[in-house]
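Counting starts at 1 for both ligands and their atoms, following the listed order.
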Amino acid sequence: MSEAADAPDTPQGPTVVARLPAGAADAARTLLDQLAEVFDASEAVVSAYDGSSGWTVAIHFNAAPNQTAVRALVGLAAGPEAANALAFETLAAEDWVKASQEGLKPVEAGRFIVHSEHYRTSVRANRVGIEIGTAFAFGTGHHGTTRGCLLALDHLLKAHRSRRVLDIGTGTGVLAIAAARVLRRPVLASDIDRRAARVARENVQRNRAPSVTVIHAAGLGTRRFRDRAPFDLVLANILLSPLQRLATPMARLLAPGARVVLSGLLTSQASAALASYRQHGLALERRVVLDGWSTLILRAPSSNLTHLAASAARMTAPSPPCGERARGSLQRVATG
Ligand SMILES: C[S@@+](CC[C@H](N)C(=O)[O-])C[C@H]1O[C@@H](n2cnc3c(N)ncnc32)[C@H](O)[C@@H]1O
């Protein structure tokens with residue numbers, strides 16, 4: 001997925017940016033996703049910004065790239081028109097990640113607004129600002145999965161005052177920080193990528209969210225998860241396969257009635273993810289569909305009926321379809 005990256009070092013010399021007109025916001029997001037897939041984030045940062053003549057996607061390189069190769073890569077990812085439209089420009093020596101972040105517009109999702117330092121002063125008083133630093137890991141708020149999780153979180157926090165929160169695959173820490181800023185409760189955040197965990201810790205400090213503890217861990221195998229369980233809110237924006245593998249260990253860590261937010265799922269993958277969690281008695285409560293990505297809110301069985309509910313779930317018919325689309329809206333799932 002896009003944006004997942006090591007934190008690159010800041011170069012001293014001139015850098016290069018390739019810009020591509022993208023038109024409307026949706027087209028820019030699609031291009032951003034496509035291009036972020038093909039460039040190694042230790043060498044290039046892909047961002048999008050809204051200008052006077054529509055959206056532009058920019059690829060900032062930390063060293064002068066082979067322009068023919070870049071055009072070929074862009075052509076493969078986004079087609080020949082995009083490759084031809086690329087315009088390269090050499091920038092004076094500067095912090096290239098910072099420059100790219102200045103082009104990253106703040107992203108609103110419910111009460112939350114995710115922004116870089118550059119936009120710190122523009123956060124309105126009635127919003128919960130989450131400032132993401134210039135070191136790169138996934139989670140600037142621009143991706144449909146992150147925005148979907150923030151919308152789901154915004155919705156859940158209106159009705160539930162979760163006491164113990166777990167954010168698996170925290171990336172920049174954006175979701176953990178969002179939950180902690182509102183709940184002021186302990187949040188455990190983990191990432192399989194050591195550098196992402198480091199970036200998340202930096203962002204936790206930047207946002208003065210001391211109730212967030214970030215650990216470097218693959219999956220849920222270590223004791224540190226059991227020590228902090230049971231969780232009544234779990235956020236996991238990863239991908240279908242790891243989410244399926246996490247279903248069993250996650251179910252053991254859930255409090256009765258816990259809510260689980262799953263994301264990183266293409267709309268076509270939502271049913272498969274749901275099936276894995278239904279095996280453990282979790283039920284689909286709501287979903288958010290954004291830019292072709294599904295975010296699911298699941299509810300764990302209440303009280304000690306967990307085991308019975310899980311058995312019943314194994315005997316029921318296939319799950320309802322998850323294919324309906326609603327741009328950025330929350331959809332409540334009818335329960336029988
Ligand atoms: C799509 S990003 C989500 C980042 C952030 N939570 C957000 O919503 O923007 C997924 C993150 O999950 C991490 N990840 C992938 N598989 C994992 C696993 N099995 N356990 C923990 N983290 C994992 C990746 O390193 C990456 O930082």
Chemist: Go through ligand 1 atom by atom and flag the ones less than 4.0 Å from a non-hydrogen atom of Leu175.
Modeler: 6 (N), 8 (O)
Chemist: Quick check on the hydrophobic clustering: are Val123 and Tyr119 connected, directly or via other members, by side-chain heavy-atom contacts under 4.5 Å?
Modeler: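 In one cluster with Val123: Tyr119, no.
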Chemist: Under a 3.5 Å cutoff, is there a donor and acceptor pairing between the side chains of Thr145 and His143?
Modeler: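 Result is yes, a qualifying pair exists.
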Chemist: Would you mind telling me if ligand 1 is within reach of the side chain of Thr170, the backbone, both or neither, using heavy atoms under 4.0 Å?
Modeler: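 For Thr170, only backbone atoms sit under 4.0 Å from ligand 1.
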Chemist: What do we get for Ala217 next to ligand 1 when only non-hydrogen atoms under 4.0 Å count, side chain, backbone, both or neither?
Modeler: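 Answer for Ala217: backbone.
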Chemist: Can you name the nearest heavy-atom pair linking Ala178 to Leu153, along with the distance?
Modeler: CB-CD2, 3.7 Å
Chemist: How close do Arg185 and Arg163 get, counting heavy atoms only, and between which atoms?
Modeler: CB-O, 3.6 Å
Chemist: Could you say whether the N/O atoms of Gly169 and ligand 1 ever approach to under 3.5 Å?
Modeler: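 Among all N and O atoms of Gly169, at least one is under 3.5 Å from an N or O of ligand 1.
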Chemist: Within less than 4.0 angstrom of ligand 1, does Gly219 place any heavy atom?
Modeler: yes
Chemist: Would you please say whether a donor-acceptor pair under 3.5 Å links the side chains of Asn203 and Thr172?
Modeler: no
Chemist: Using 0.5 Å steps for rounding, measure from the NE2 atom of His160 to the CG atom of Leu183.
Modeler: 11.5 Å
Chemist: Regarding ligand 1, does Asp191 bring an N or O atom to under 3.5 Å of one of the ligand's N or O atoms?
Modeler: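 Yes; at least one N/O pair falls below 3.5 Å.
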Chemist: Output the distance between atom OG (Ser276) and atom CG (Leu240), rounded to the nearest 0.5 Å.
Modeler: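 Answer for the OG-CG pair, Ser276 versus Leu240, is 7.0 Å.
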Chemist: Looking at ligand 1, does any of its N/O atoms fall within less than 3.5 Å of an N/O of Thr146?
Modeler: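 Thr146 vs ligand 1: N/O contact under 3.5 Å present.
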Chemist: To which of Asn237, Asp193, Thr295, Ile192 does the heavy atom nearest atom 3 (C) of ligand 1 belong?
Modeler: Asn237
Chemist: Should you measure from each heavy atom of Gly171, which atoms of ligand 1 turn up under 4.0 Å away?
Modeler: 4 (C), 27 (O)
Chemist: Any idea which atoms of ligand 1 are less than 4.0 Å away from a heavy-atom of Val174?
Modeler: 7 (C), 9 (O)
